[in-house]
There are 2 protein chains.
Amino acid sequence: MVVTVLSLHQLRCFLATYEHGSLTAAAAELGYAQPSVSEQIRALEKTLDVPLFRRVGRGVVPTTMADELRPHAERTLAAADEARRAVASARNFETGTIRFGMFGTARLYAGAGLVADVLERYPGVRVELIGQNSTDVQEDLRRGRLEAAMIAVPAASSEGMSVTPVAKDELVYISADPAHLATPVTAHRLSLAKLVMPETTWRAVDSTRMVLRQMLHETGRNPMTRIEVEDVETAVELVGMGLADSVIPKGAAVQLLPRLAPGAGYVSLRPRQYDSLAVVHRAGATLSPAARLMIELATARIRQIAEPYDPR
Amino acid sequence: MVVTVLSLHQLRCFLATYEHGSLTAAAAELGYAQPSVSEQIRALEKTLDVPLFRRVGRGVVPTTMADELRPHAERTLAAADEARRAVASARNFETGTIRFGMFGTARLYAGAGLVADVLERYPGVRVELIGQNSTDVQEDLRRGRLEAAMIAVPAASSEGMSVTPVAKDELVYISADPAHLATPVTAHRLSLAKLVMPETTWRAVDSTRMVLRQMLHETGRNPMTRIEVEDVETAVELVGMGLADSVIPKGAAVQLLPRLAPGAGYVSLRPRQYDSLAVVHRAGATLSPAARLMIELATARIRQIAEPYDPR
DNA sequence: CAGGAACCCTAGGTCTGACCTATGGTTGTG
DNA sequence: CACAACCATAGGTCAGACCTAGGGTTCCTG
């Protein structure tokens with residue numbers, strides 16, 4: 001024997017029939033031919049193994065089983081409709097969650113503004129800015145947990161990833177000693193400086209570190225840090241206390257120095273060095289509207305702060 | 001473009017995939033081949049017009065849309081399941097409503113007991129005993145509002161109906177005057193009596209009246225009532241007050257006389273007359289379990305009180 | 001009371017879509 | 001670098017969702 005399975009369509013036919021007391025009327029309402037509705041009802045009666053209507057000369061009359069079924073049928077259809085609506089409204093950013101990866105320097109001074117931008121346009125959404133470190137974010141992207149991200153990359157290339165640079169963020173030398181800031185800092189001076197550097201856990205892969213290593217390597221110097229800390233804020237505070245100097249993205253310096261190290265200032269490196277801020281996602285993926293939105297907003301916001309990307 | 005429509009099956013596939021993070025695992029759980037689940041998910045994504053999973057090298061990862069959909073999908077499937085269970089338990093008389101037609105004399109003294117019988121066996125059900133008068137009940141049966149009924153019928157026959165007599169209920173003469181009860185009451189004495197008769201609205205079709213008309217007609221007498229009332233209780237009270245005598249089913253007399261007319265008694269007619277208590281339903285209908293249950297219990301209950309049907 | 005209207009059902013035919021197996025392309029792993 | 005794990009595609013089968021056409025009741029009406 002063939003087992004049919006409960007379907008929303010059957011429930012719709014059932015309710016229309018129940019309300020009209022007539023298969024013909026139900027079929028008219030649903031836009032089907034009468035035998036089609038008849039068949040659905042029969043199928044439903046078969047799957048539930050219960051008579052739902054008594055066929056009496058004119059029209060049909062619901063049985064007590066039908067009375068029992070009706071509220072549940074309505075609830076089920078309502079739930080299904082609710083599901084549709086929930087997804088539809090999420091798709092239109094009226095509700096739902098927008099998740100975006102954003103690591104380190106970018107998030108540090110564009111994060112709050114970016115969230116504000118999103119909420120202004122779509123007040124109903126939840127926003128998640130994900131990412132401790134660019135390595136983590138890359139991992140999340142690779143595993144599919146994140147669809148797209150804006151991160152700092154030392155070079156604009158990564159395996160299997162589409163990397164689109166949108167801005168460059170200058171790396172500046174910060175110090176509480178005005179003498180250290182009189183002229184741009186060369187690789188030579190940098191190699192002699194007492195430095196405090198953040199992102200200790202990620203020091204091997206951190207984008208700023210990689211840029212500095214590259215700079216020093218070209219002049220035959222070795223990087224040497226006096227203090228290692230985890231977060232940029234701590235590093236800046238230590239600079240403010242005159243215990244060391246540091247190199248951080250200019251955007252971070254502008255934002256953090258007045259607050260955490262009022263007496264300190266910054267100066268460029270010579271030659272100037274840059275982090276590249278890029279939009280990254282899996283190569284070959286078609287981006288969702290949410291991701292496109294975030295990329296657009298994040299790009300605009302970043303470009304207000306950092307210099308536009310200039311391919312050298 | 002073809003529009004697919006949301007289906008429970010799609011939601012099931014979606015949830016399985018969401019939970020396992022894998023189409024293959026979902027297919028295994030659901031007992032399908034992997035491409036089948038894949039197809040369902042794709043259909044669902046198409047009907048909702050949103051991507052639900054990102055296909056990443058190994059497995060699939062739910063998008064935020066999927067996060068949004070999941071609770072609704074669960075609720076919808078739960079509601080559908082609830083519907084199944086509700087009907088199933090109603091079918092097993094664990095809950096739900098049992099509706100049964102039962103008119104006049106039968107209900108009068110078997111109704112409460114019958115309801116008790118049903119509730120004892122199936123504590124969860126609702127019971128509806130429907131019917132003011134047998135004519136109403138016949139109408140309800142014909143229109144399909146009632147599936148089956150136990151009613152008093154003058155003769156065991158009715159158009160388009162299956163009538164199965166189960167008992168006969170003797171009609172007795174009741175009076176507060178002992179002299180009236182000394183010997184069985186003949187048609188002659190009946191035609192001379194001052195009578196109060198109930199069921200005024202239905203006097204033309206009432207089963208007891210039809211039996212009496214038949215009895216008097218055979219001896220050339222005309223029926224004559226002194227008082228017409230609607231319900232048997234009132235008639236019995238009037239008999240108790242000595243204002244008139246009456247003819248009612250014996251079961252009703254046994255039950256009502258001690259309570260409503262303590263001084264009154266009853267005596268048979270000569271020849272004895274009977275209402276026929278019969279199970280009635282539409283000819284050719286297959287009866288539901290609920291109806292069969294009610295017929296069984298009502299028959300048992302009635303036979304404890306009235307004499308078994310004896311085809312003459 | 002005959003005819004028609006308003007229902008239902010059945011029969012038989014078309015076509016979508018649910019499902020399968022087989023196979024090819026990616027990705028991650030020993 | 002081969003292998004395992006996983007998803008997508010292709011192509012074929014079959015159930016079932018739909019239709020039209022027509023037959024049987026019931027009920028109303030002239």
Side-chain angles (χ1 to χ4, degrees), chain A residues 1-14 16-17 20-47 51-62 138-139 141-144 158-161 282-286, chain B residues 1-14 16-17 20-47 51-62 139 141-144 159-161 282-286:
Chain A
M1 148 155 174
V2 187
V3 271
T4 355
V5 88
L6 194 66
S7 82
L8 293 175
H9 186 211
Q10 290 169 356
L11 294 182
R12 260 187 290 273
C13 290
F14 165 75
T17 304
H20 288 95
S22 153
L23 294 172
T24 303
E29 179 191 312
L30 298 171
Y32 296 130
Q34 172 266 317
S36 304
V37 177
S38 183
E39 185 180 340
Q40 293 304 312
I41 298 295
R42 220 170 311 125
L44 183 57
E45 288 178 324
K46 189 172 154 196
T47 76
L52 292 172
F53 295 98
R54 273 190 289 283
R55 276 70 169 175
V56 3
R58 204 164 183 99
V60 295
V61 178
Q138 294 242 23
E139 179 72 6
L141 287 166
R142 211 172 44 80
R143 301 239 176 223
S158 197
E159 183 72 18
M161 289 289 156
R282 293 172 65 86
T286 54
Chain B
M1 151 152 174
V2 188
V3 271
T4 357
V5 88
L6 194 66
S7 82
L8 293 175
H9 186 213
Q10 289 170 355
L11 294 182
R12 261 187 291 273
C13 290
F14 165 75
T17 304
H20 288 93
S22 153
L23 294 173
T24 303
E29 179 191 312
L30 298 170
Y32 296 129
Q34 169 264 316
S36 304
V37 176
S38 184
E39 184 179 339
Q40 293 303 312
I41 297 295
R42 221 169 312 124
L44 182 57
E45 287 178 325
K46 188 172 153 196
T47 75
L52 292 171
F53 295 98
R54 271 189 292 282
R55 275 69 169 177
V56 340
R58 209 162 178 94
V60 293
V61 179
E139 179 72 7
L141 286 166
R142 212 171 44 81
R143 301 237 176 222
E159 184 71 19
M161 289 290 155
R282 292 171 66 86
T286 54

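Below, read A as the first sequence line, B as the second, and so on, with proteins coming before strands; counting in each chain starts at 1.
One interatomic measurement links the two molecules: OH of B/Tyr32 to P of D/dC14, which rounds to 18 Å at whole-angstrom precision. One interatomic measurement links the two molecules: CD1 of B/Ile41 to P of C/dC19, which rounds to 12 Å at whole-angstrom precision. Distance, A/Leu23 CG to D/dC18 P: 14 Å, rounded to whole Å. Computed from coordinates, the A/Arg55 CZ to C/dA6 P distance equals 21 Å when rounded to whole Å. If you take CG of A/Leu30 and P of D/dA17, they are 14 Å apart, rounded to a whole angstrom. Put simply, CZ on A/Arg42 is 12 Å from C1' on C/dA11, counting in whole angstrom units. Spacing between atom CG of B/Leu44 and atom P of C/dG17 amounts to 15 Å, rounded to whole angstrom units. In this structure, B/Leu11 places its CG atom 13 Å from P of C/dA18, rounding to the nearest Å.
OP1 and OP2 of C/dA6 both lie 4.0 Å or more from every side-chain N or O belonging to A/Ser22.
B/Val5 places none of its side-chain heavy atoms less than 4.5 Å from the side chain of A/His9.
Nearer to the 5' terminus of DNA chain D, by closest-nucleotide assignment, is the contact made by B/Gln34 (compared with the other of B/Gln34 and B/Glu39). Mapping A/Thr24 and B/Ala43 onto DNA chain C by nearest heavy atom places A/Thr24 closer to the 5' end of the strand.
Closest contact between the side chain of A/Pro35 and the listed nucleotides C/dA22, D/dC7, C/dA11 involves C/dA11. Closest to the side chain of A/Arg282, from the set C/dC19, D/dC19, C/dT27, is C/dT27. Counting only heavy atoms from C-beta on, B/His9 has its side chain closest to C/dC19 among C/dC19, D/dC18, D/dA10. For B/Ser38, the listed nucleotide lying nearest its side chain is D/dA8; candidates were C/dT21, D/dA8, D/dT20.
Minimum interatomic distance between B/Leu44 and B/Gln10 (heavy atoms only, all atoms of both residues): CD1-OE1, 3.5 Å.
Using a 4.0 Å heavy-atom distance criterion, A/Gly144 is classed as making no nucleic acid contact. In this structure, A/Gly31 reaches the sugar-phosphate backbone alone: every heavy-atom distance under 4.0 Å involves primed, P, OP1 or OP2 atoms, never a base. Residue A/Gln40 is classed as a sugar-phosphate contact, given heavy-atom separations below 4.0 Å to backbone atoms only.
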Inset, instruction - Please step through side-chain contact (heavy atoms from CB on, under 4.5 Å) for the pair B/Thr24 and B/Val37, ending with a clear verdict. - result: CA-CA 8 Å; B/Thr24 303; B/Val37 176; over 6 Å; no
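Using a 30° and 60° split on the angle between ring planes, A/Phe14 and A/Phe53 fall in the tilted class, from 30° to 60°.
Side chain of A/Gln34 to backbone of A/Ala27: no donor-acceptor contact under 3.5 angstrom is found.
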